[in-house]
Amino acid sequence: MIGYLNLILRLTIWFLLTANFTVTNIIIGVAIAFLIPGLKKTPTALKDWMRTLGEVLVAIPQAYLEAIEMIFHPHNEEEIIMERVKPQRTPGLIFLDIFLITFTPKTIVLKYHEKGWYAVHRVVRRKLS
């Protein structure tokens, strides 16, 4: 089941990149999704995928709210923080985590460290003193 979710994730990324739903492009996308290595490396629980997809749905309105907040209240300070990767994450789930962090306008992942950390750049409002 999880292999299918990885395949669907790869096809979704392909269609987002190409924005082309012709038969030829669908065949190319399916071929590429199967040819990319690592389709059956690490087993994951279905609940992890569902939780992450739920977080994606929550991130969409959060991104709009952060964008509106940045328009009316400029964020002048920057910081780089290290965030821990959730335990036992597969490459597909790590990709979705990075997508979630980068999707919101205030944060972007600068680097994924193999030891289980993300370097995240974040903009914040200057604290009034």
From the list T22, T18, T24, side-chain hydrogen bond (donor to acceptor under 3.5 Å, both in side chains) partner of N20 resolves to T22

Does the side chain of [X] reach to within under 4.5 Å of the side chain of [Y], using non-hydrogen atoms?
X: L11; Y: V30; result: yes
X: Y112; Y: I94; result: yes
X: V123; Y: M70; result: yes
X: V120; Y: M82; result: no
X: Y118; Y: I81; result: no
X: I101; Y: E83; result: yes
X: H121; Y: E78; result: yes

Sort and list the pairs that fulfil salt bridge (charged side-chain N to carboxylate O under 4.0 Å, His left out) and have at least one residue in residues 97-120, not counting sequence neighbours. E69-K106, R89-D97

Interatomic distance, [X] atom [atom1] to [Y] atom [atom2] [nearest 0.5 angstrom]:
X: I26; Y: F21; atom1: CD1; atom2: CZ; answer: 7.5 Å
X: T104; Y: L65; atom1: OG1; atom2: CG; answer: 11.5 Å
X: I80; Y: T107; atom1: CD1; atom2: OG1; answer: 13.0 Å

With ILVMFWY side chains joined below 4.5 Å, transitively, what does Y64's cluster contain besides itself? V56, I60, F99, L100, F103

Given the rule in the side-chain contact (heavy atoms from CB on, under 4.5 Å) test, do W117 and V85 qualify, once you have shown the distances and angles that lead to the verdict? CA-CA 5 Å; W117 293 91; V85 176; 5.6 Å; no

On a heavy-atom basis, which atom in P105 and which in E66 lie closest, and how many Å separate them? CD-OE1, 3.6 Å

In short, R84 meets G116 closest at the heavy-atom pair NH1-O, 3.3 Å

Under 4.5 Å between side-chain heavy atoms, counting indirect links through other Ile/Leu/Val/Met/Phe/Trp/Tyr residues: same cluster for I13 and I27 or not? no

Shared hydrophobic cluster for L96 and V109 (ILVMFWY, side-chain gaps under 4.5 Å): no

Test side-chain contact (heavy atoms from CB on, under 4.5 Å) applied to L57 - qualifying residues, sequence neighbours left out: none

